[in-house]
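What follows is a single structure, written as structure tokens, with notes after it.
All values below come from the heavy atoms of this structure, side chains included, with hydrogens, waters and symmetry mates left out. Note that the structure is predicted; figures quoted are calculated from it, not measured. Start at 1 with the first residue, then count along the sequence.
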Amino acid sequence: QVQLVESGGGLVQPGGSVRLSCAATGITLKYYAVGWFRQAPGKEREGVSYISGDGTTARYEDSVRGRFTISRDNGKNTVDLSMASLKPEDTAIYYCAAVNYPKYTDTVTAPAHYDYWGQGIQVTVSS
């Protein structure tokens, strides 16, 4: 059974930092491209950041570029999202997702292409 489990969320003050982690079981994550997505109340789900299976390629949406960093440890079967300079508009439920993608150096940005999703974790940016 494949599971993706997010951890590390919570309440953060504006300007603060938090690190999310996505742990995979049931799959060997190095064969999967991984993405982080988020959904704020009343809004559609949107992409945040994506990383290739081998970790050599990372992409960021404009709203988070320069503030968020995606990384992965294939030995630990985890992908992290380090978030800094957080803003209230970053408040959302954050989801990690994985897709078995044969081009290990490429990222996948379309949520419809992802095979597996985590249950999501809340990040609230507020003073």
**Message:** Side chains of Pro102 and Tyr31, heavy atoms from C-beta outward: is any pair under 4.5 Å?
**Reply:** no
**Test side-chain contact (heavy atoms from CB on, under 4.5 Å) applied to Ser126 and Leu11, step by step** = CA-CA 7 Å; Ser126 175; Leu11 177 63; 4.1 Å; yes
**Asked** Looking only at side chains, do Thr91 and Glu89 share a donor and an acceptor under 3.5 Å apart?
**Response** no
**Asked** Is a side-chain N or O of Asp90 found less than 3.5 angstrom from the main chain of Lys87, in a donor-acceptor match?
**Response** yes
**Asked** Do Asp106 and Thr57 come close enough that some side-chain heavy atom pair is under 4.5 Å?
**Response** no
**Message:** Using 30° and 60° as the class boundaries, would you call the ring planes of Phe37 and Tyr114 parallel, tilted or perpendicular?
**Reply:** perpendicular
**Request:** Salt-bridge test for Arg65 and Asp62: reply yes if a basic N is under 4.0 Å from a carboxylate O, no otherwise.
**Result:** yes
**Message:** Using a 6.0 Å cut-off, check whether atom OH of Tyr104 has over 12 heavy atoms from anything other than its own residue.
**Reply:** yes
**Message:** Atom CZ of residue position Arg67 - does it have more than 12 heavy atoms of other residues, nucleotides or ligands inside 6.0 Å?
**Reply:** yes
**Message:** If I take atom CG from residue Leu20 and atom OG1 from residue Thr78, how far apart are they, to the nearest 0.5 angstrom?
**Reply:** 12.5 Å
**Item:** Electrostatic pair Asp54:Arg72 at N-O distance under 4.0 angstrom
**Value:** no
**Prompt:** If you group Ile, Leu, Val, Met, Phe, Trp and Tyr by side-chain heavy-atom gaps below 4.5 Å, do Val34 and Leu4 land in one group?
**Reply:** yes
**Request:** Could you state whether Ile51 and Val99 fall into the same hydrophobic cluster, counting links through intermediate Ile, Leu, Val, Met, Phe, Trp or Tyr residues with side-chain heavy atoms under 4.5 angstrom apart?
**Result:** no
**Asked** Hey, does the side chain of Glu6 reach the backbone of Gly120 with a donor-acceptor pair shorter than 3.5 angstrom?
**Response** yes
**Nearest heavy atoms of Ser82 and Arg19, plus distance in Å** = OG-NH1, 2.7 Å
**Prompt:** Out of curiosity, does Val48 fall in the hydrophobic cluster containing Ile121 (side-chain heavy atoms, cut-off under 4.5 Å, transitive links)?
**Reply:** yes
**Asked** Between Ser52 and Thr105, what is the shortest heavy-atom contact and its length?
**Response** CB-C, 3.4 Å
**Prompt:** Are Gln119 and Val5 side-chain neighbours, meaning at least one heavy-atom pair lies under 4.5 Å?
**Reply:** yes
**Prompt:** Are Tyr95 and Val123 connected in a single hydrophobic cluster, I mean Ile/Leu/Val/Met/Phe/Trp/Tyr linked by side-chain heavy atoms less than 4.5 Å apart?
**Reply:** no
**Request:** Kindly determine whether Val2 and Thr25 satisfy side-chain contact (heavy atoms from CB on, under 4.5 Å), including the steps that lead there.
**Result:** CA-CA 6 Å; Val2 178; Thr25 57; over 6 Å; no
**Message:** Using 30° and 60° as the class boundaries, would you call the ring planes of Tyr116 and Tyr32 parallel, tilted or perpendicular?
**Reply:** tilted
**Prompt:** Quick one: SG on Cys96 to CH2 on Trp36, what's the gap to the nearest 0.5 Å?
**Reply:** 4.5 Å
**Item:** Ile70 reachable from Val64 in the ILVMFWY side-chain graph, under 4.5 Å edges
**Value:** yes
**Prompt:** Would a line drawn from the ring center of Tyr60 to the ring center of Phe68 be shorter than 6.0 Å?
**Reply:** no
**Request:** Keeping the roles fixed (side chain from Thr107, backbone from Arg59), state whether a donor-acceptor pair exists under 3.5 Å.
**Result:** no
**Asked** To the nearest 0.5 Å, how far apart are CD in Glu44 and CD in Gln39?
**Response** 8.0 Å
**Item:** Ser85 to Ser17 - nearest heavy-atom pair and separation
**Value:** N-OG, 4.4 Å
**Item:** Pair Arg38-Tyr94, side-chain donor/acceptor within less than 3.5 Å
**Value:** yes
**Message:** For the residue pair Ser21 / Asp80, report whether a side-chain donor-acceptor contact shorter than 3.5 Å exists.
**Reply:** yes
**Item:** Derivation of the side-chain contact (heavy atoms from CB on, under 4.5 Å) call for Leu81 and Thr69
**Value:** CA-CA 6 Å; Leu81 184 68; Thr69 303; over 6 Å; no
**Request:** Find out whether His113 and Tyr101 are in side-chain contact, i.e. whether some heavy atom of one side chain is under 4.5 Å from a heavy atom of the other.
**Result:** no
**Message:** Keeping Asn77 on the side-chain end and Cys22 on the backbone end, is there a donor-acceptor pair under 3.5 Å?
**Reply:** no
